[in-house]
Structures are given as C-alpha cells and as structure tokens.
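Here is the structure we will look at, set down as structure tokens.
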Amino acid sequence: MTHTRSPAQEVAQLREQLNEYNYRYYVLDDPSVPDAEYDRQMRRLQQLEVDYPELLSDDSPTQRVGGQALAGFSQVKHELPMLSLDNAFSSDELQAFEKRLQDRLGSTSPIEFACEPKLDGIAVSLLYEDGVLVQGATRGDGSTGEDITANVRTIASIPLRLRGDRLPPLLEVRGEIYLPKAGFEALNERARAQGDKLFVNPRNAAAGSLRQLDPRITATRSLQMCCYSIGRVGGFELPSKHSDVLKLLNGWGLRINAEMAVVEGANACQSYYEQLAIKRPRLPYEIDGIVFKVNELGLQQRLGFVSKAPRWAIAYKFPAQEEMTRLLDVEFQVGRTGAVTPVARLDPVFVGGVTVSNATLHNMDEVARLDAQVGDTVVIRRAGDVIPQIVKVVLERRPHNARAIVLPRACPVCGSEVEREEGEAAARCSGGLFCGAQRKEAIKHFSSRKALDIEGLGDKLVEQLVDEQLIQTSADLFSLSLEQLCGLDRMGEKSAQNLLDALDKKRITTLPRFLYALGIREVGEATALSLARHFLTLEALQEASEEALLEVDDVGPIVAHHIQRFFRQAHNVEVLQALQARGVSWPAMEVNPDSRPLEGETWVLTGTLTSMGRPEGKSRLQALGAKVAGSVSAKTTVVVAGEKAGSKLTKAEQLQIPVLDESAFVARLAELEGQG
Ligand code: IVH
C-alpha cells in the first residue's frame, strides 16, 4: 500500500486489528491469523509507541497481558498476576538480553540460566491447600481468569493430592496444559470423520478442550500438564534456585519438563536452543520456542518486572510453523486410480523452516469444509516433516474477485468425464488407462519397490517414457530397446543397459508381486498375497465368481467388485496378455499346506503398530490363515501388543496367553510369509 498514513492513524488501525485478533484467540478460541502475523503487528505497534510516546495510551493492546474471561465459567482473581514473556527471535537478541541483565546487576560474569521448552498450550494456575487441589484457573487476562477446577481435575497428570509429608499449607503452581501431538491428531481425525471443523493446532485444541463446560468432554481429550513455576506459597521455605524449585514440585508429584537444563551464559543458551530445534520434530508435544530464566531466585527478585513481563526471563522463539499466504490457483492432479485431487498453488511462503508453494487440498469435501476460494488468504501449517496443510481461510481478507473452486467435469489430462461416486470423497477420471496421467501412475506403481521392483526406473523416467510415447503400458517396458533409451535426455549408454538388465531380471517374478503390481483398486500387498494363495494361478483369479472371491479372508464386496471390474476391462486383459507374451512369468504357487500356517489360530492385536498399522497387521495374519479377534479370551492363541497397549495386554497376562511385541511380530510375519 502506498497511500500515506499518519503514525496516529496507523497506531489506531493496529490497535483495532490486534484487539480483534485477541478476541478471536482468547475469547472465541478461534484465532484468525497465525501467531507470526500477530507478533509482527504487535512489534510494529510497540515500535510506533516508542517512536511517538505521545500516542501511547492505557488501553493499547501492548499494555495488556491477554484477553477477557469467558462467560460461562466463574471468574478467579489472580492474587499474583500471571505474566507473559518477552520474545527473542535471534541469537543477537539473546546476547542483548544477557547484556541487559549484566548491566542491571552490575556484573560481567556469565549468568546461570534454567532452560525449558516453551510448551504451546494454555497457561493455568493450580491451588493446593494442605496438599489438596482446591482450584484450577486459566490465565485469562493475567489478573482474572476462569475457574476450570472441574476440568483440570479430569487431567490425569494433575495430582488431586500432592505426595510427601512436608508440604506447604498453601501452594499455587503454574504451568501449561497442552494436548500432545498424538492426541491432537486423533481429535482431528475424529472431527474429520464426523465432518466437524478441525482444530488449527494443538494449542487451539487444548484451549477448546479445557474450556468445555462439560468436564466429561475434557476428560476424553488426553490433556497433559507440565509445571514451570510457583505463584504464591505460604508457610514454606523455598530453595534458592528455580531449577531446584522445579525438582521440588516434581517430588510432590507434579510433572515438569524432562528437557529442563541449567547452563551458563547466552552462548550455552544458544546451543541448547539449537539442540532442541533438532529434537523438536521427535518430541511428543508441540513447542514454539525455549524459555530462558535467570536461575537464582534472589537475582530474579532484584531484576523485577516491567509492566507485563519479568526482566529475568525471555522466550526465544522458533521459526513459525504457521504462516499466511495467498491461494493463487487450484490445479487438479490425476492419480493412479483416477482420483482427481485439488492441489493449491500458493504464493511461496517460508513456514516451518522451508519454502512452501504447493499444498494438497485432499478432495472437494475438504475444499468445502475450509470454504476456500482462489484469491483467498490462507493459513498454512507445516509441523516437522508433515506435509504442509491449509488449515484455514482468513475470511475477512477475501478479495471481491475471489473465485470458487470448481471440480472440472472433464479430466484435465485426457478429457474423459470426471465422476463422483456417492459416499466417496474422491472424484475420479473415468478414462482408465486411456488417461495419460493414470497410465503414468500405473506404470510407476508397477515398477515400484513392493511390486516388480525395477531398479533405475524412477518416476521421472516413467513420465519421460510416456511423454515421448515410447511406452503406453507396463508391458511396453519389456520391449524397450537400447537405442530408444539412449535417445532420452540425461541417459547414457551404461544406465540404459543397466535398466534393460534390471527389466530382464525382474521378468521372473512371483504371483503375489505380479497381482499387487497390476494396481487393482483396494488390492494392497496383503490382499494380493491372500489372492495368490487362494487361487494359485492368474487364470483362476480372472475367472473367479464374486462368491469365490468373497471366500478369501480379507476380501469384502467392494474389493471383489474392483477385482471383477478390472478383469472385465478389455485393455487390462490385453496388457496381461502382452506382459506374458513378453516373458513376464512366475513359478507356480505351491499347494503348500503351510501357506496357511496359522489356520485354526486366533490372534488379537492391541496398541499401536507403528510399522504397519493394525488393519495391515490384521490382513497379513488373515492371509496366513489366522482368525483375528477383537477381544482376549481363553481361546486366544497369541496377543500382539503394540505401543500403549492397555487392558487387552493385562488380560492376556492374566490368562497367560503368549504376547509378542511389535518387533517380534514383524519378524514372525516375515518368517511365515517367506515360507508361502
Ligand atoms: S514462564 C513469569 N515457562 O508462555 C514467567 N512460560 O508468553 C511466565 N509458557 O503464558 C511464564 N512454557 O503459558 C514459562 N516453560 C515455560 C513455558 C511458559 C510455555 C507459556 C506460558 C505463558 C507464555 C508466556
């Protein structure tokens, strides 16, 4: 914007905007912009108020700690205000922080700091009288919060009574209530399945969960609490260091952060920050920075406070995981099964440590749920290695010329009709292998690792081969010549020959791999294996009736339908014939009674199987002949206990049923499948 604004106008606008953001964030639990944007505007306002002190006023958002208390909960006055923290964004700002402290303290020696991850949740205060939890309150605006006693009582990590016998008569503990990443994902998965609005981030979800008027809902949300300081304390002599106070709290049964460390000087703080930045994606909870606190409580007292924050602490923030950008356009990509996926083209934005210019919109239901239009300002989130997501649209910024996102009626690649089956989220191109995009994806799948595993045939090369019209189907791979390959960009004679050798070698394969490689919808590795074991030959499978297909353990009506449809399509049969004509073959499946080595056994899966997920574990067991049951009884043969296995594991132990952990299970599967 180039029109000139007076500083007074800009200040007024910033205040109005920031007040609005605060209301959305604190009162409605529905932030409208990412924190980074809020921080920028707040910093700009602070700067203007420094440059033009005459513009400073008591009602400026810079002079206020938070928002207002929600109606519906009774209010709690904080005898000692709950403060906020100043931020640093660079190592220079961290050095400057230590220098300010040294100047105030009239010292030049390095300062001892306690370092703690800055958890991204909700600040709360817990009041214990004679060791008994009597009140829980949110921070609210720092001086008045909401009484959430009933809700905090539902959080397992908050003791209702402190441990130990030398307890203070009065103790106010402060800390953060947050939702671990896994809980956040589970909550959003449920919301997505029910078509509800998703939570933008774990903090937002924690706030929403904590402020439930019905504490029974809070109880279902797997919230956690981690303590980081003490408010009021009566009748008790505290240790002289913050780090020892935390250890004391820990001894009383309160959670503190396991990453807490004590270091000397700003340089050591910088290293701690860098180490945690590396660890961050692997932590089970979200953090948005590191808090450094002067460790000596005596020094903290001497340093004191400025209006809203202590002088003795600072929050050194990580690069933001949420940012705003413009949705420039939406393109539709066609996948192997014809699924037509909307992909957002974004104005490139730096978020979560990388520049993001594309994000998947998944399907048209997602587009509708977000209410996204081309031209909108959107919030992008990229946490850890997770693919970037559009988490919300900033509706207030929708331009007048915003354009609705419309599913094309014709496939953008081949022009065939795009269909959307009832009850399915995905729209599909009806062109099948007539469609260049589906052909490319089908061939990529055919040569992928779990299929024919053709070394040296990467995605880019497949695209090139199809674009140059050297191949139409996977069968054509086997009639490629050295001359054809050498004519391609960046393809030397040696790599061309290597590819031909690899193709030749993989001509001899196995029936399960071959069936998987065909890319029949819903036929994954495990189903392909079951089918091969059941029917033994390709011909038998091709001719199988629906009833015959349904006899296979993990084949239901939908899978049976896809299999029959695949073999009814003439071009698929042609490709099958061509593959065999070009020498693709496999040894006959042995009619081996051991191919169902688990016949007659009943297995139970419990807990999280991180390497495959329970559905895959189940279908692989079924392929080996086992029954997979949902509960443990005397009839159970084996229980597989993944991470966080609960009551089923206990029951198995009571009934003395053999238990396998995940790695033992994986090893056993590999061994049994290898025999087949
Ligand atoms: S100390 C006077 N320590 O960050 C010191 N705060 O902007 C006040 N936070 O509202 C806070 N982790 O909710 C402190 N280890 C930690 C923290 C932490 C997260 C939050 C807290 C506070 C906000 C400050």
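Both ligands and their constituent atoms are indexed starting at 1 by order of listing.
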Derivation and outcome, ring pair (Phe, Tyr, Trp, His ring centres under 6.0 Å), residues Y273 and F292: CA-CA 10 Å; Y273 171 90; F292 297 108; 7.4 Å; no

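Defined by atom type and a distance below 3.5 Å, a donor-acceptor pair is missing between the side-chain atoms of T377 and R397. Residues S107 and S109 have side chains that bring a donor and an acceptor to within less than 3.5 angstrom of each other.
Heavy-atom neighbours of E189 CD from other residues, nucleotides or ligands within 6.0 Å: at or below the threshold of 12. Applying the 6.0 Å contact sphere to CZ of R40 captures more than 12 heavy atoms from other residues, nucleotides or ligands.
Legend: residues meeting side chain to side chain contact (heavy atoms under 4.5 Å, CB included) with E396, ordered by chain and number and at least two apart, are R24, S32, V394.
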Polar pairs, ligand 1 vs protein, N/O only, below 3.5 Å.
residue  : atom   : partner : partner atom : Å
ligand 1 : 3 (N)  : K293    : NZ           : 3.0
ligand 1 : 4 (O)  : K118    : NZ           : 3.4
ligand 1 : 7 (O)  : L85     : N            : 3.3
ligand 1 : 10 (O) : R139    : NH1          : 3.2
ligand 1 : 12 (N) : L119    : N            : 3.2
ligand 1 : 13 (O) : E176    : OE1          : 2.4
ligand 1 : 13 (O) : E176    : OE2          : 3.4
ligand 1 : 13 (O) : Y228    : OH           : 3.2
ligand 1 : 15 (N) : E116    : OE1          : 2.7
ligand 1 : 15 (N) : P117    : O            : 3.4

